[in-house]
Structure formats: structure tokens, C-alpha cells
Amino acid sequence: MSCPIHPRRLFLCLLISLTFFVVDPSSQHIEVKKKQMREKVREMFYHAYDNYMTYAFPHDELKPLTKSFTDSLSELGNLKLEHLPTDYNGSAVTLVESLSSLAILGNSTEFEKGVLWLSENLTFDIDARVNLFECNIRVLGGLISAHLLAIDPNNRLIQGSYNNQLLRLAEDLGKRFLPAFETPTGLPYAWINLKNGVMENETTETSTSGCGSLVLEMGALSRLTGDPRFESAALRALRQLWRMRSSLDLLGTTLDVVTGEWIEYSSSIGAGVDSFYEYLLKAYILFGKEDYWRMFHSAYLASQKYFRHGPWYHEANMWSGKPTYWQLTSLQAFWPGLQVLVGDIAAANSSHREFFHVWEKFGVLPERYLLDHQIIHPTMKYYPLRPELAESTFYLYQATKDPWYLDVGESMVKSLNLYTKVTGGFASVRDVTTMQLEDHQHSFFLAETCKYLYLLFDDSFVAKRNYIFTTEGHPIQVVSSWHEKLPETYFSGNWTLSKSGAWESRASALSLQVCPPISLNSRHPEQQRESACHVPDEQINHKCWSNKECGVDATTCRLRTCSGVGYCGLWNPL
Ligand code: DMJ
């Protein structure tokens with residue numbers, strides 16, 4: 001800035017210069033708050049982690065009320081203890097799950113210690129029946145992500161030598177998964193014995209997410225090892241599942257892996273299906289295969305059309321599209337985060353607000369809430385420290401930088417400390433109406449809940465890189481060598497710059513820019529669209545002569561038609 005040196009103007013110049021350098025007090029306030037909050041979340045993480053290391057490690061998970069442990073891998077499905085040999089001492093699941101969070105917190109000492117311990121002690125040659133999906137997202141995903149973080153020289157996480165030990169463990173585990181896929185349909189069994197493969201008389205029932213969300217971890221494993229079997233098994237299962245969709249592009253919740261028939265026809269974005277949607281989109285981001293986008297796009301539009309009711313999502317019959325259950329399930333709270341990646345920010349924001357209202361109403365999010373009666377589900381009143389709402393809050397803040405999301409995060413941190421913190425860690429809530437606690441600190445509290453809350457207040461880890469987070473919150477960096485579309489010269493920080501202006505303005509969180517540079521449906525790209533399926537009416541005043549001039553409703557994704565008096569609207573019954 002150049003100022004002419006003139007006594008009468010000096011004061012003005014000084015004033016202008018000062019104004020130029022003075023920091024906006026509101027942004028200063030935000031920065032102070034972010035700093036305080038990230039320290040609070042750091043404390044939470046270490047309270048959970050240290051207690052796990054003291055009272056539960058090397059077992060799987062901490063029992064924070066009794067300061068003891070569980071090897072039941074209970075969240076890995078309903079694993080019965082009698083399936084385990086008495087000397088079974090677990091797979092240190094919480095430690096595996098904590099590594100990527102330790103990296104994000106910048107704790108290289110503890111990260112390296114954990115890597116070395118696992119390298120020397122972890123074995124999968126155990127006679128344990130585990131749930132394939134859970135073991136994949138927690139253990140395989142945890143190992144692969146930590147391996148990638150360990151070999152990334154920018155992180156400087158390992159001071160000594162690292163010889164791909166975590167990758168070798170991941171490969172061993174991946175090979176133990178493969179027998180599960182040997183079914184007539186290619187759809188994997190839900191359960192596998194790590195030592196002996198599929199057990200006799202094993203159940204053939206599985207869920208859509210159970211066999212449709214394996215491709216990030218298994219795909220990454222193939223890319224890292226050069227062994228294509230993992231990715232092809234996961235992809236074959238995904239394709240088979242997609243072939244089984246209804247003509248409405250809906251999938252049920254449970255199915256039989258041998259007959260390939262649906263068992264539960266009710267379809268949703270929540271439990272049993274959730275990460276199926278998530279992995280289609282994230283696989284597209286990570287691998288750039290057009291196929292993933294095509295499947296995701298159809299599935300996503302169907303979800304908007306058949307499940308969405310304003311900001312809420314009910315369930316619907318996959319064959320008829322008719323609503324089945326009107327309930328909010330706490331797992332659905334991940335959906336706004338996914339919508340941010342699609343670029344559907346308005347829709348994400350409105351649903352997120354409703355989830356947060358329910359959180360505020362009870363202090364935490366109940367597992368099920370009946371939308372039609374506005375009451376909590378009579379038996380599913382628990383809150384097992386789930387991360388989904390924190391996850392969506394993080395994505396929405398990244399996309400909008402609206403400080404309101406920081407307030408949401410702050411309120412969640414307060415509730416978690418108030419209701420769930422005990423001297424031995426953080427305990428799940430058995431009943432959100434009484435806040436009675438349960439003796440379990442799930443590993444995803446460290447892998448996801450604390451991680452997303454921390455990232456909300458300190459995004460330096462993701463700011464200059466392009467990561468996707470697996471459904472268990474483990475980061476995997478997007479790299480051109482794995483990607484069908486990225487140029488070889490790509491480096492993660494500049495993806496936004498490589499896209500055209502129009503798409504930069506529709507920036508998604510984390511610079512991911514996942515919306516492909518084709519318009520989804522729009523006849524008028526210059527007109528603002530409110531959701532991915534939204535097609536504005538031809539005339540801004542919604543007047544029309546024929547149906548052709550009417551668009552697609554932003555909220556329901558249903559076709560608008562021209563009424564007798566010449567106005568576009570949702571005139572056709574469903
Ligand atoms: C996590 O284990 C994963 O996010 C999974 O996809 C479903 N949700 C749980 C935690 O709530």
C-alpha cells in the first residue's frame with residue numbers, strides 16, 4: 001500500500017493501514033475457541049486411550065466401569081465367548097484403531113510404539129470366528145491406514161526402521177478373508193474363522209453393508225501388495241449386490257449369500273445398508289472408476305426419492321417404494337457427511353440440524369427415534385458413543401466454515417464429558433432417558449468419535465492433502481497411481497486447481513471435488529440447484545404450458561408436472 005506523505009493525510013493513511021492489519025475480532029474469537037476445543041478433545045482421546053492401555057491392552061476393548069477388558073470383539077458381531085480358546089488374548093483392536101488418530105494428533109512416539117508392538121505380537125492365526133465386515137473396517141482398515149501413514153515421509157511418524165510390517169499383517173488378514181467369498185454368488189459369508197475358514201453350518205445370512213462395503217480396504221490392499229485377489233473379490237461381491245437391486249434402484253437390508261435372495265425387503269440409508277452407499281462414492285473418489293459413480297448416482301437418487309421426507313429419511317420397501325418404518329436410526333447421521341462429498345450441502349445441512357435437535361433433546365443421540373410419534377424407540381434407547389453426528393458436523397464445517405457447526409461440536413464434547421466420562425474411560429449409554437451407563441468403550445470411539453471432533457477444531461492434518469476416510473474413520477490418501485482419472489502429475493494439494501471454475505465453486509469438503517464434471521440432471525446449470533436431483537422449472541415463476549417445462553423437486557426428487565391452471569408442482573400422487 002502506498003501513501004502520499006502529506007501531514008493532513010497522514011492520520012487517514014495510518015487509520016487505513018491499521019484497519020488493513022487489524023484482525024477481524026470474530027475470526028480471532030473463532031480461532032481461540034477452536035484451539036481450546038481441540039485441546040479438550042485431545043484430553044478426551046487420551047483419557048480413553050490411556051485407560052485402555054492401562055486396563056485393557058492387549059485385549060480388544062476397555063470396560064471403563066470395571067476397569068477391565070473384553071476380548072469378545074463383541075461389536076464384531078455377536079461373537080460368543082465359547083468360540084474362543086480360553087487363552088485367547090485378543091487382537092488389540094483398540095490399539096489398531098487408535099493408530100491413525102495418534103498420527104492425526106501428531107503423537108509419533110506412541111504411534112511408533114504401537115506399530116512396533118503390533119509388528120512383534122499380532123497374529124491372526126487364531127481359532128476365532130469374526131464378523132468379516134467389522135474385522136475389515138476395524139482391523140484391516142486400521143492396519144492399512146497406519147501403514148500408509150507410516151510410509152508417508154511427510155508425517156515423520158517412525159524414527160527407527162519400518163519394513164512394512166503392518167502391510168504384511170494386513171496381507172495375512174486379507175488372505176484369511178478370501179474363503180468367505182467362495183460362494184455360488186460371490187457374496188461373502190458374514191462370518192469367518194480366522195484359522196479355519198468358513199465354519200460348518202455357518203449362517204448364510206448377511207447384510208447389504210456387510211458384503212457391499214469392503215472395497216476400500218481390500219482394494220487398497222491389492223494396490224499395495226500387487227495381489228489382485230482382494231480387490232476382485234470385493235468388487236465381484238459389490239457388482240452382484242448391485243445386480244440384485246430392484247427396478248427402483250433400491251436394495252434390501254439382509255440377504256442370503258448362497259441363493260442370492262433378499263431376506264429383508266425394507267430398505268434404508270441406516271443400519272445394514274449405510275456404508276454400502278458410502279463405499280460406492282468413496283471408491284469412486286479413491287479409484288476414479290466411472291462404474292462406482294454410476295452405481296452411486298442411481299442409488300443416491302433412489303434414496304432421495306423413496307426415503308427422504310423433508311430433512312428425514314424413513315425406510316421403504318425395495319420393490320414397491322412404499323414407506324415401511326418411520327424411524328431415525330443414529331447410524332443415519334453419517335448421511336449429511338456423505339452428502340457434503342456429493343456437493344449436496346443444502347440437503348446435508350437440513351438433515352444435520354434435525355439430528356442435532358434429537359441429540360439436544362436427549363443429551364446424546366438415541367439408537368432409534370420414532371419419527372411418526374416423535375418418541376424414542378421403546379427398547380433401542382442406547383447410545384454407544386457413536387461417531388456419525390460428529391462426522392457429519394466435521395464435513396459440514398469443512399464445506400461451509402459456518403461457525404455454528406463449531407458450536408454443535410462444542411455441545412457434543414460437553415455432553416460426552418458430562419454423561420459418559422468415568423474415571424476408567426468413556427462408557428456407552430444404556431438408556432438415554434436415564435443416562436444409565438454400560439460397561440463398554442467401543443474402539444470406534446477412538447477411531448472415529450474423538451478423531452472427527454478433533455478434526456472439526458483442527459483440520460491441519462487434512463488441509464493440504466486429499467484423504468478419504470473409511471467408514472471407520474481411517475484415512476487413505478488419494479493418489480494418482482491408484483486412480484483411473486488423475487494425471488500422473490497430480491499432487492493432492494492442487495486438485496481444486498485442476499478443475500474448471502464452475503466446479504471449484506461447488507467445492508466439497510477436503511478439496512475432494514467428487515462431483516464429476518457432468519451435470520447430474522440440470523437443464524440450466526446457471527440456475528442454482530438445491531440438491532443433486534434438483535431440476536429447476538423452466539420459468540422462474542413456475543408457470544408452464546406443458547409438463548415438459550417442469551423440473552424435478554429438490555427435496556423428494558419427484559417429477560413436477562404442469563397443473564390445469566398452468567403451474568409446475570408435485571401434482572401427481574406417488
Ligand atoms: C462404525 O463402526 C462404522 O462407522 C460403521 O460403518 C457403522 N458405525 C460404526 C459406529 O457407529
Side-chain angles (χ1 to χ4, degrees), residues 37-38 40-42 44-45 47-49 52 61-62 75-76 93-94 96-102 104-105 133-134 137-138 141-142 145 209 213 269-271 274-275 278-279 282 328-341 348 351-352 355-356 358-359 362-367 382-398 405 408-417 419-421 425-429 432 440-459 461-462 467-475 509-510:
M37 288 311 301
R38 79 166 186 229
K40 280 204 177 133
V41 181
R42 189 192 291 275
M44 282 169 69
F45 175 86
H47 183 69
Y49 179 78
Y52 163 72
E61 291 182 315
L62 172 70
E75 186 62 19
L76 307 191
V93 169
T94 301
V96 176
E97 288 254 74
S98 297
L99 291 179
S100 60
S101 300
L102 287 167
I104 289 173
L105 291 168
F133 165 78
E134 296 288 355
I137 65 171
R138 295 180 196 225
S145 174
S209 49
S213 27
I269 56 161
D274 49 358
S275 48
E278 182 183 1
Y279 272 35
K282 289 184 176 174
L328 167 157
T329 60
S330 76
L331 290 173
Q332 292 176 346
F334 88 103
W335 190 256
L338 189 73
Q339 291 187 304
V340 168
L341 294 181
S351 297
H352 175 272
F355 281 111
F356 184 55
V358 179
W359 174 288
F362 295 100
V364 291
L365 204 55
E367 189 68 0
Y382 50 88
Y383 169 66
L385 306 173
R386 288 200 191 281
E388 287 76 11
L389 189 60
E391 177 181 353
S392 285
T393 309
F394 156 67
Y395 278 100
L396 273 158
Y397 180 65
Q398 284 290 317
Y405 295 108
V408 172
E410 184 175 8
S411 153
M412 294 175 73
V413 167
K414 271 195 192 137
S415 299
L416 287 167
N417 280 307
Y419 300 121
T420 71
K421 188 176 178 186
F426 284 85
S428 301
V429 178
V432 303
H440 201 162
Q441 178 186 283
H442 294 270
S443 60
F444 54 67
F445 183 67
L446 290 127
E448 294 190 83
T449 315
C450 290
K451 181 184 281 145
Y452 286 123
L453 286 170
Y454 186 82
L455 287 170
L456 171 66
F457 300 112
D458 179 357
D459 67 358
F461 179 81
V462 287
Y467 285 104
I468 53 125
F469 288 89
T470 67
T471 192
E472 192 71 359
H474 297 302
L510 315 178

Checklist entry - Residues two or more places apart in sequence or in another chain: which of them pass side-chain hydrogen bond (donor to acceptor under 3.5 Å, both in side chains) with E97? => result S443, H474
Checklist outcome for this item: In this structure, CG of L331 is separated from OG1 of T471 (nearest 0.5 Å) by 9.0 Å
Next on the checklist: Tell me if the centroids of the rings in Y467 and F461 come within less than 6.0 Å of each other.
Outcome noted: yes
Checklist outcome for this item: Rounded to the nearest 0.5 Å, the OG1 atom of T393 sits from the CD atom of E410 at a distance of 13.0 Å
Next on the checklist: Just verifying a value: how many Å separate L416 CG and S411 OG, rounded to the nearest 0.5 Å?
Outcome noted: 9.0 Å
Checklist entry - Considering only heavy atoms from C-beta outward, does the side chain of D459 approach that of Q398 to under 4.5 Å? => result yes
Item to check | Non-hydrogen atoms of A348 and V340 that approach each other most closely | outcome: CB-CG2, 4.1 Å
Checklist outcome for this item: Between L62 and G425 the two heavy atoms that sit nearest each other are CD2-CA, 4.3 Å
Next on the checklist: Classify the ring geometry of Y52 against Y49: parallel below 30°, tilted from 30° to 60°, perpendicular beyond 60°.
Outcome noted: tilted
Checklist entry - Measuring from C450:SG to L385:CG, what's the distance to the nearest 0.5 Å? => result 8.5 Å
Next on the checklist: Just to verify, what does Y405 make a ring pair (Phe, Tyr, Trp, His ring centres under 6.0 Å) with, not counting sequence neighbours?
Outcome noted: H352
Checklist entry - Under 3.5 Å, is there a donor-acceptor pair between the side chain of S145 and the main chain of P475? => result yes
Checklist entry - Side chains of S330 and F355: closer than 4.5 Å at any heavy-atom pair? => result no
Checklist entry - Do the side chains of L341 and K282 get nearer than 4.5 Å, heavy atoms only? => result yes
Next on the checklist: Does either side chain, that of E61 or that of T94, offer a donor lying less than 3.5 Å from an acceptor on the other one?
Outcome noted: no
Next on the checklist: Could you report the tightest heavy-atom contact between F334 and E391, atom names first, then the distance?
Outcome noted: CB-OE1, 4.0 Å
Next on the checklist: I'd like to check F45 versus L446 (side-chain heavy atoms, cut-off strictly below 4.5 Å). Are they in contact?
Outcome noted: yes
Next on the checklist: Between P387 and F444, is there a side-chain heavy-atom distance shorter than 4.5 Å?
Outcome noted: yes
Checklist entry - When rounded to the nearest 0.5 angstrom, what distance separates OG in S101 from CG in L455? => result 8.5 Å
Checklist entry - If you take all heavy atoms of Y383 and R386, which pair is closest and at what distance? => result OH-O, 2.8 Å
Next on the checklist: Main chain of A48, side chain of Q441: is a donor-acceptor contact present, judged purely on distance under 3.5 Å?
Outcome noted: yes
Checklist entry - Partners of S209 by side-chain contact (heavy atoms from CB on, under 4.5 Å), sequence neighbours excluded? => result S207, S213, D274, S275
Checklist outcome for this item: Closest non-hydrogen contact found for P366 with V358 is CD-CG1, 3.8 Å
Item to check | N/O donor-acceptor pair under 3.5 Å between T420 side chain and S428 backbone | outcome: no
Checklist entry - Do the non-hydrogen side-chain atoms of W335 and S392 ever get within less than 4.5 Å of each other? => result no
Item to check | A447 backbone acceptor or donor facing K451 side chain under 3.5 Å | outcome: yes
Next on the checklist: With ring pair (Phe, Tyr, Trp, His ring centres under 6.0 Å) as the criterion, how do F469 and Y452 come out once you've worked through the C-alpha distance, each side chain's angles and the decisive distance to 0.1 Å?
Outcome noted: CA-CA 10 Å; F469 288 89; Y452 286 123; 5.8 Å; yes
Checklist outcome for this item: In short, S415 meets V364 closest at the heavy-atom pair CB-CG1, 4.5 Å
Item to check | Contacts of E472 that satisfy salt bridge (charged side-chain N to carboxylate O under 4.0 Å, His left out) - sequence neighbours left out | outcome: R138
Checklist outcome for this item: Residue set satisfying side-chain contact (heavy atoms from CB on, under 4.5 Å) with D458, at least two apart, ordered chain then number -> R38, Y454, S460
Checklist entry - Roughly how far, to the nearest 0.5 Å, is the CE atom of M412 from the CG atom of L389? => result 4.0 Å
Checklist entry - Stepwise, does the side chain to side chain contact (heavy atoms under 4.5 Å, CB included) test hold for F426 with N417? => result CA-CA 8 Å; F426 284 85; N417 280 307; 3.7 Å; yes
Checklist entry - Given side chains that start at C-beta, do those of V408 and L396 come closer than 4.5 Å, heavy atoms only? => result no
Item to check | Partners meeting salt bridge (charged side-chain N to carboxylate O under 4.0 Å, His left out) with E448 (sequence neighbours left out) | outcome: none
Next on the checklist: Is the shortest side-chain heavy-atom distance between F133 and I137 below 4.5 Å?
Outcome noted: yes
